[in-house]
Amino acid sequence: MVQLNYRDAKPIYEQVKHGLRRLVITHVILPDEQLPSVRELAAKLTINPNTIQRAYRDLEAEGYLYSLPGRGTFASHHISMPSRRQTELLSQFDEITSELLFLSVQKEDLCSRIEQLVKGGGQL
C-alpha cells in the first residue's frame, strides 16, 4: 500500500500523504472506497496513529478524502473546486513548463503529453 523510507528527510506523515494521494489519483483506491481505519493503517505501517490521522486530515482538507462520522474515511471523486493543492501544483507546473521550454522542448510535445494524460486518465 504505502511505502515508507525512514532515511528520507521528508517527514513520515508527508510520505504517508504522498503515498495515499498517489493511490487515489491512480485509482488503486477507487472513489467512495473506504480506507483502513487510522489504527489499522498505523499498526500495518508500525507508526504512531497520530501520524496517520494528520495525513488523513490533510488529504481531506485537500479534497482527496472525505470522512463520514462513525463510518470511516473514503476516497473522493474528481475534485472540481479550486483548492490549495491545485494552486500549488499549477505553480509547479508553470515552473517546470518554463524550464522545459528553455531546454528547447517544443510546445507541441508538451501539448501532446497533456493530451496523452487526459486520454489515459492521468497516466501516461
Who pairs with F93 by ring-ring contact (aromatic ring centres under 6.0 Å, His included), at least two apart in sequence or on another chain? none
Would you say the side-chain atoms of [X] pair up with the backbone N or O of [Y], donor to acceptor, closer than 3.5 Å?
{"X": "Q15", "Y": "N5", "result": "yes"}
{"X": "T51", "Y": "Y13", "result": "no"}
{"X": "E115", "Y": "S112", "result": "no"}

According to the salt bridge (Lys or Arg N to Asp or Glu O under 4.0 Å) rule, which pairs have a member within [range], sequence neighbours left out?
{"range": "residues 88-108", "result": "R85-E88"}
{"range": "residues 1-10", "result": "none"}
{"range": "residues 39-58", "result": "K17-D58"}

Taking it one step at a time, do T73 and Q34 satisfy side chain to side chain contact (heavy atoms under 4.5 Å, CB included)? CA-CA 6 Å; T73 303; Q34 186 170 9; over 6 Å; no
Quick one: name the residues clustered hydrophobically with L110, using the 4.5 Å side-chain heavy-atom rule over I, L, V, M, F, W, Y, and just say none if it's on its own. I96, L100, L101, V105
With side chain to side chain contact (heavy atoms under 4.5 Å, CB included) as the criterion, how do V16 and I47 come out once you've worked through the C-alpha distance, each side chain's angles and the decisive distance to 0.1 Å? CA-CA 10 Å; V16 172; I47 59 177; 4.0 Å; yes
Do L23 and L35 sit in the same hydrophobic cluster, where Ile, Leu, Val, Met, Phe, Trp and Tyr count as joined when their side-chain heavy atoms come under 4.5 Å apart? yes
Is there a path of hydrophobic side-chain contacts, each under 4.5 Å between heavy atoms of I/L/V/M/F/W/Y residues, joining Y64 to V2? yes
Going by distance alone, is a donor N or O of one side chain under 3.5 Å from an acceptor N or O of the other, for E60 and S67? yes
Could you check whether D32 and Y66, counting side-chain N and O atoms only, form a donor-acceptor pair closer than 3.5 Å? yes
For F102, check side-chain contact (heavy atoms from CB on, under 4.5 Å) against everything at least two apart and list the hits. none
Verdict with supporting geometry, N48 and I12, side chain to side chain contact (heavy atoms under 4.5 Å, CB included): CA-CA 10 Å; N48 189 310; I12 298 296; over 6 Å; no
